[in-house]
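Just so it is clear: chains get the letters A, B, ... in the order the sequence lines come, proteins before strands, and each one is counted from 1.
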2 protein chains.
Amino acid sequence: MIYREKGYRCGIDVTLAVVGGKWKSSILWHLAQETMRFSDLQRQFSDTTRKMLTQQLRELEADGMVHRKVYPQVPPKVEYSLTEKGRSIHPILEQMCAWGKAFVGE
Amino acid sequence: MIYREKGYRCGIDVTLAVVGGKWKSSILWHLAQETMRFSDLQRQFSDTTRKMLTQQLRELEADGMVHRKVYPQVPPKVEYSLTEKGRSIHPILEQMCAWGKAFVGE
DNA sequence: CAGTATCCGCAGTGATACTG
DNA sequence: CAGTATCACTGCGGATACTG
């Protein structure tokens with residue numbers, strides 16, 4: 001199974017490559033609630049550097065999970081939202097969230 | 001949300017901490033089919049070092065996801081199988097697998 | 001505001017050799 | 001057979017400064 005010139009053992013590995021990044025699932029989770037500006041995301045992920053946040057967003061964008069809308073104005077304004085593909089992972093994230101809670105709450 | 005003295009943003013992060021490791025989901029996936037000896041796993045994951053494989057298995061064991069049965073004999077024999085907790089993640093893995101396949105097959 | 005660019009430390013990983 | 005132990009290296013990610 002090939003994606004972006006890399007081989008994957010099965011679909012699970014692909015999924016983890018897309019949402020398994022350090023902050024990606026959380027980003028997708030938050031964007032599912034609402035469209036957010038970069039500064040909004042910075043506030044939510046205050047323990048992350050701009051660099052990391054940008055990088056994760058760029059990868060999600062490259063995978064077609066998020067849409068990046070740039071308003072050509074000064075000062076700049078950039079909004080991030082989920083694409084259709086990005087929304088399609090949400091049921092799985094919800095289950096992962098529930099499983100994780102149950103796992104800890106024992 | 002605390003687990004093993006580490007804070008997690010939400011259940012998703014916990015789940016990824018448990019199954020998101022480089023080979024963990026694949027290990028859980030294969031063990032779901034059948035109990036395997038260490039050498040069986042080595043064959044399946046031929047591109048992984050013994051060290052990595054051992055480490056991932058130890059972490060899965062510490063999280064109560066796999067059971068490690070040692071046969072006290074020479075030469076040694078060690079069998080790995082899923083615990084109840086380990087089996088409980090399987091539905092999610094199946095969905096991740098399906099999602100990943102759909103993601104690539106476009 | 002929303003990013004790049006650059007440098008750097010160190011944890012994670014690999015290679016190799018050894019052991020009960 | 002099923003692991004440890006040790007060393008060396010790479011590259012992820014943090015800190016900081018700069019830019020359109």
Side-chain angles (χ1 to χ4, degrees), chain A residues 4-9 13 16-27 30-31 34-63 65-82, chain B residues 3-9 13 16-28 30-31 34-63 65-82:
Chain A
R4 295 193 185 282
E5 301 174 354
K6 274 196 60 184
Y8 293 95
R9 189 174 302 277
D13 294 339
L16 284 177
V18 175
V19 308
K22 207 173 181 186
W23 310 100
K24 290 185 182 177
S25 57
S26 289
I27 291 172
H30 283 284
L31 288 183
E34 52 178 346
T35 293
M36 294 176 90
R37 296 185 58 171
F38 187 79
S39 48
D40 296 331
L41 287 165
Q42 272 196 271
R43 256 184 298 282
Q44 272 300 323
F45 299 89
S46 54
D47 49 346
T48 315
T49 59
R50 264 191 306 264
K51 179 184 162 190
M52 269 298 96
L53 202 49
T54 304
Q55 187 181 304
Q56 302 279 299
L57 285 166
R58 288 285 132 71
E59 289 178 18
L60 286 170
E61 192 189 0
D63 284 332
M65 300 292 286
V66 309
H67 177 67
R68 178 166 174 268
K69 180 167 185 181
V70 181
Y71 293 84
Q73 63 184 40
V74 178
K77 175 179 173 184
V78 179
E79 278 183 352
Y80 290 94
S81 57
L82 291 191
Chain B
Y3 179 63
R4 294 191 186 284
E5 300 173 359
K6 273 196 61 183
Y8 291 96
R9 188 174 302 274
D13 293 339
L16 284 177
V18 175
V19 308
K22 208 171 181 187
W23 311 99
K24 290 184 181 177
S25 58
S26 288
I27 291 172
L28 293 173
H30 282 285
L31 288 183
E34 53 177 343
T35 294
M36 293 176 89
R37 297 185 57 170
F38 187 77
S39 49
D40 295 332
L41 287 164
Q42 273 196 271
R43 254 185 299 282
Q44 272 299 324
F45 299 88
S46 53
D47 48 347
T48 316
T49 60
R50 262 190 307 261
K51 181 183 162 190
M52 269 298 94
L53 203 49
T54 304
Q55 187 180 305
Q56 301 278 300
L57 285 166
R58 287 287 132 75
E59 291 178 17
L60 285 171
E61 193 189 358
D63 283 332
M65 299 292 286
V66 308
H67 177 67
R68 179 165 172 268
K69 179 167 186 182
V70 181
Y71 293 83
Q73 63 184 40
V74 179
K77 176 179 172 182
V78 178
E79 277 183 352
Y80 290 94
S81 57
L82 291 191

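Of all non-hydrogen atoms in A:Thr35 and A:Ser81, the two that sit nearest each other are OG1-CB, 3.5 Å.
A straight line from CZ of A:Arg68 to C1' of C:dC1 spans 12 Å, rounded to a whole angstrom. Distance, A:Leu53 CG to C:dT4 C1': 14 Å, rounded to whole Å. Rounding to whole angstrom units, CD of residue B:Gln42 and C1' of D:dG3 are separated by 9 Å. Across the protein-nucleic acid pair, A:Leu57 atom CG and D:dG13 atom C1' stand 16 Å apart, rounded to whole Å. Remark: C1' of D:dC12 and CD of A:Glu59 are 11 Å apart, rounded to the nearest angstrom.
Among D:dT4, C:dA2, D:dA2, the nucleotide with an atom closest to any side-chain atom of B:Thr54 is D:dT4.
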Would you sort out whether A:His30 and A:Met36 count as a side-chain contact (heavy atoms from CB on, under 4.5 Å), showing the intermediate values?
CA-CA 8 Å; A:His30 283 284; A:Met36 294 176 90; 4.0 Å; yes

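OP1 or OP2 of C:dG3 has not a single side-chain nitrogen or oxygen of A:Arg37 nearer than 4.0 Å. Using a 4.0 Å cut-off, some side-chain N or O of A:Arg58 falls inside it from OP1 or OP2 of C:dT4.
Within 4.0 Å (heavy atoms only), B:Tyr80 reaches sugar-phosphate atoms of the nucleic acid but no base atom.
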5' to 3', nucleotides 7-20 of chain C under a 4.0 Å protein heavy-atom cut-off (B base, S sugar-phosphate only, - none) gives B-----BBB-B--B

Per-residue pairing states of DNA chain C in dot-bracket (Watson-Crick or G-U under 3.5 Å; . unpaired, | other strand) read ||||||||||||||||||||

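Remark: B:His67 pairs with no residue by the ring-ring contact (aromatic ring centres under 6.0 Å, His included) rule, at least two apart or across chains. Among residues two or more places apart in sequence or in another chain, the side chain to side chain contact (heavy atoms under 4.5 Å, CB included) test is passed with A:Gln73 by A:Tyr71, A:Lys77.
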Side-chain donor-acceptor pairs of residues 41-48 of chain A under 3.5 Å, sequence neighbours excluded:
from    : atom 1 : to      : atom 2 : distance (Å)
A:Arg43 : NH2    : A:Asp40 : OD1    : 3.0
A:Asp47 : OD1    : B:Arg9  : NH2    : 3.4
A:Thr48 : OG1    : A:Phe45 : O      : 3.4

Could you list the donor-acceptor pairs under 3.5 angstrom formed by side chains in residues 56-63 of chain B, with sequence neighbours left out?
from    : atom 1 : to      : atom 2 : distance (Å)
B:Gln56 : OE1    : B:Trp23 : N      : 3.3
B:Glu59 : OE1    : B:Lys24 : NZ     : 2.7
B:Asp63 : OD1    : B:Tyr3  : OH     : 2.7
B:Asp63 : OD1    : B:Arg4  : NE     : 3.0
B:Asp63 : OD1    : B:Arg4  : NH2    : 3.4

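Contact check for A:Asp13 versus B:Ser25: side-chain heavy atoms found under the 4.5 Å cut-off.
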